[in-house]
Amino acid sequence: MTRYFFDMHNGTGDLIDDEGLDLPDVDAARTQAVESIRAVLSAEVLEGALDLTGYLQVREGQTDVLAIPYAEALALTLPDG
Amino acid sequence: MPPISYGNQIDRYIAKLTARTPLSTEDIAAVRSTIASFREVPAGRTFLEAGTTPRFVAVLLEGFAGPFRDLRSGARAIIDLAVSGDLLGCTSPLSGRLDLSVQALSPCTLALIESAAFERLLAGSPRFAEAHRTALDLEAAILRERVVTLGRRNAYQRLATVFCELYERLRLVGLTRDMSYDFPVSQADLGNYCGITPVHVNRTLRGLRESRLLTFRANRIEIHDYTQLRKLAEFDDSYLHFGRARA
């Protein structure tokens, strides 16, 4: 198990994770990151807003492992124009 | 006789029982003398297994413990958050087994009572039996409120509700100081209890902190504005019915 940390960076600032989660590998960390983004965005949608400009940074200790832009965590279809 | 160092902690169970049902000194002595042993459980350890019929019931003296269920996806639902003074390990009257496994969410101290001795205690003292029934009623009331929380409250309201309820439950057993209390539970487990991801927990806690409602730091909850926190949660503690007239 490796401890991965999940920091959110967006228009309202940086949210640093100082607890982390023990996960088997980087694939599990990616899955966790994508689910985390979706969960946070869905709560925002219920409040009537959707801001896709941020990204979620996965760290292992102080080392950056993955950066996932919010927009890549979901399939987005917009009307033309 | 139990070691002296556990004496005060057992009083938390007694305090919970006697909050609504007065017990005689004989009843209380009987409860104390029924305790067979004590056990320390490290955080993260599952100490009761679903589907089994344990030979003991356990009074949680210190720490936080969670009955839980895991889904195939790996998602964990923590059903209840047991605090000091709560009884764990009661089997389902239908199956005679435990419905749920129970994990220590922080380091825990348990007082173990043999199931047969606990049954004798219930049979031997109508008042203790009534106090125990009331404790079960309280547990059911807390779970009914959980249905409301998980079904209808958003992330902010969920966390606000948890911290309001914990404040009231811990105050009953003397574990609050001013408007704060120890809460050595991980944000991941808090998320499993509230049905939200750890990142969302972190983000919601930041919101509560920035709104000057509460701070969760160094394993401690500090409530800054209980009135506004209760308002956010729509928290009405009448379901807890601790036997005191509430304002």
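Residue numbering restarts at 1 for every chain, and letters A, B, ... go by the order of the sequence lines. Please read these numbers as outputs of a predicted model, since none were measured by experiment.
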Arg212(B) atom CZ: more than 12 heavy-atom contacts under 6.0 Å: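 No - once you tally the heavy atoms of other residues, nucleotides and ligands closer than 6.0 Å, there are 12 at most.
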At a heavy-atom separation under 4.5 Å, does Asn154(B) approach chain A through its side chain, its backbone, both, or neither? side chain
For Ala155(B), which atoms come within 4.5 Å of any heavy atom of chain A: side chain, backbone, both, or neither?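 Neither part, no heavy atoms under 4.5 Å.
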Which residues, numbered in order, of [range] come under 4.5 angstrom of chain B by heavy-atom distance?
range                     : result
residues 59-78 of chain A : none
residues 16-26 of chain A : Ile16(A), Asp17(A), Glu19(A), Leu21(A)
residues 3-10 of chain A  : Phe6(A), Met8(A)
residues 32-43 of chain A : Gln32(A), Glu35(A), Ser36(A), Ala39(A), Val40(A), Ala43(A)

Looking only at heavy atoms, the pair that brings Arg206(B) and Asp14(A) closest together is NH1-O, 3.3 Å
